[in-house]
Enquirer: 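First the structure, then my questions, so here it is.
Since we're looking at a predicted model, the values are computed, not measured.
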Amino acid sequence: MANETLHQSDRLALLQRREELFRALLELSQRQFAEKETREWDWLLERKQECIDELVQLDELENQWTELHALEFSPEELQIVENLESLLKRIRESEEAFETNMNHEKQLLSKEMNQLRQQVNYSAGIKNTAPGRTKKVF
């Protein structure tokens with residue numbers, strides 16, 4: 001569609017594709033909570049980035065379409081726009097919840113690391129006493 005002239009009917013296709021990408025992003029965003037292995041996070045982040053890249057391309061196409069055709073939304077298009085707003089809100093909420101969850105995990109991990117550091121420093125102090133006078137046993 002990018003290589004051709006945009007027609008009046010193309011806006012519906014653009015909106016439908018945007019809706020598919022938003023649904024995929026929402027699924028990926030919610031799936032982050034289930035994945036405990038960081039290896040899976042790499043895959044999720046890559047897939048989310050692919051969706052975002054395609055959304056950027058859709059933005060460009062929609063801007064081109066708007067320049068060519070200044071038309072009101074049809075009832076079907078309006079329904080999709082409402083769905084998009086709802087999906088975007090849910091994506092935002094999911095991402096914010098995941099960020100909050102990650103910040104909490106980060107704080108817990110930081111606390112555990114500080115405790116371990118204190119334990120290591122304490123045990124190192126017991127084993128490595130400061131040099132001083134040595135006792136001679138006769």
Enquirer: Compare all side-chain heavy atoms of Ile80 with those of Leu12 and state whether any distance is below 4.5 angstrom.
Expert: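 A side-chain contact under 4.5 Å exists here.
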Enquirer: Rounded to the nearest 0.5 Å, what separation is found between the CG atom of Leu25 and the CZ atom of Arg47?
Expert: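 Rounded to the nearest 0.5 Å, the CG-CZ separation comes to 8.0 Å.
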Enquirer: Within a radius of less than 6.0 Å around CD of Glu50, do more than 12 heavy atoms belonging to other residues, nucleotides or ligands occur?
Expert: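 Yes, CD of Glu50 has more than 12 neighbouring heavy atoms, counting only those of other groups under 6.0 Å.
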Enquirer: Provide the closest heavy-atom pair for Phe22 versus Ile91 in the form atom of the first, atom of the second, distance.
Expert: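 Looking at all heavy atoms of both residues, the shortest contact is O-CD1, 3.3 Å.
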Enquirer: Set out, in order, the CA-CA distance, both residues' side-chain angles and the distance that settles side-chain contact (heavy atoms from CB on, under 4.5 Å) for Gln16 and Glu76, then state yes or no.
Expert: CA-CA 10 Å; Gln16 289 171 335; Glu76 185 178 6; 4.0 Å; yes
Enquirer: Is there side-chain contact between Glu72 and Leu78, with heavy atoms separated by less than 4.5 Å?
Expert: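 Counting from C-beta outward, Glu72 and Leu78 never come under 4.5 Å.
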Enquirer: Please find the pair of heavy atoms, one from Gln32 and one from Leu44, that lie closest to each other, and give the distance.
Expert: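 Minimum heavy-atom contact is CA-CD1, 3.9 Å.
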Enquirer: At what distance, to the nearest 0.5 angstrom, does CD of Glu77 lie from CG of Leu84?
Expert: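 So the gap between those two atoms works out to 11.0 Å.
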Enquirer: Heavy atoms only: give me the nearest Arg117-Asn114 pair and the separation to one decimal.
Expert: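 So the two residues come closest at NH1-OD1, 2.6 Å.
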Enquirer: For a side-chain contact (heavy atoms from CB on, under 4.5 Å) check, start with the C-alpha distance between Thr66 and Arg11, then their side-chain angles and the critical distance, and finish with the verdict.
Expert: CA-CA 9 Å; Thr66 304; Arg11 178 167 59 182; 5.9 Å; no
Enquirer: Find out whether Leu88 and Glu85 are in side-chain contact, i.e. whether some heavy atom of one side chain is under 4.5 Å from a heavy atom of the other.
Expert: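 Answer no - side chains too far apart.
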Enquirer: Starting from Trp41, can I reach Leu28 by hopping between I/L/V/M/F/W/Y residues whose side chains sit under 4.5 Å apart?
Expert: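 Yes: a chain of side-chain contacts under 4.5 Å links Leu28 to Trp41.
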Enquirer: Got a donor-acceptor contact below 3.5 angstrom from the Asn63 side chain to the Asp59 backbone?
Expert: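 Pair found, side chain donor or acceptor close to backbone of Asp59.
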Enquirer: Side chain to side chain donor-acceptor pair (under 3.5 Å) between Gln57 and Asp53: does it pass, once the steps are laid out?
Expert: CA-CA 7 Å; Gln57 292 174 349; Asp53 291 344; over 6 Å; no
Enquirer: What I want to find out is whether Glu20 reaches Arg23 closely enough, with some N-O distance under 4.0 Å, to be called a salt bridge.
Expert: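 Not counted as a salt bridge, because no side-chain N and carboxylate O are separated by less than 4.0 Å.
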Enquirer: What distance do Leu21 atom CG and Leu26 atom CG have between them, rounded to the nearest 0.5 Å?
Expert: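 Atom-to-atom, Leu21:CG and Leu26:CG are 12.5 Å apart.
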Enquirer: Let me confirm one number: the CD-CD distance from Gln30 to Glu93, rounded to the nearest 0.5 Å.
Expert: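 Rounded to the nearest 0.5 Å, the CD-CD separation comes out at 10.0 Å.
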Enquirer: For the CZ atom of Arg17 and the CG atom of Leu15, what is their distance to the nearest 0.5 Å?
Expert: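 Rounded to the nearest 0.5 Å, the CZ-CG separation comes to 13.0 Å.
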Enquirer: Indicate the atoms forming the closest heavy-atom contact of Ser29 with Glu95, along with that distance.
Expert: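 What the structure gives for the nearest pair is OG-OE2, 2.7 Å.
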Enquirer: Measuring from atom CD of Glu112 to atom CD of Gln115, what distance do you get when rounded to the nearest 0.5 angstrom?
Expert: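 One gets 7.0 Å once the value is rounded to the nearest 0.5 Å.
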Enquirer: For Glu19 versus Asn83, what's the shortest heavy-atom pair and its separation?
Expert: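 Of all heavy-atom pairs spanning Glu19 and Asn83, the closest is OE2-ND2, 3.2 Å.
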Enquirer: With the side chain counted from C-beta on, respond yes when Arg90 and Ser86 share a heavy-atom pair under 4.5 Å apart, and no when they do not.
Expert: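 They are in contact (side-chain heavy atoms under 4.5 Å apart), so the answer is yes.
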Enquirer: Please answer: with hydrophobic residues joined when any side-chain heavy atoms are less than 4.5 Å apart, are Leu55 and Leu45 in the same cluster?
Expert: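 The answer is no; the residues belong to distinct hydrophobic clusters.
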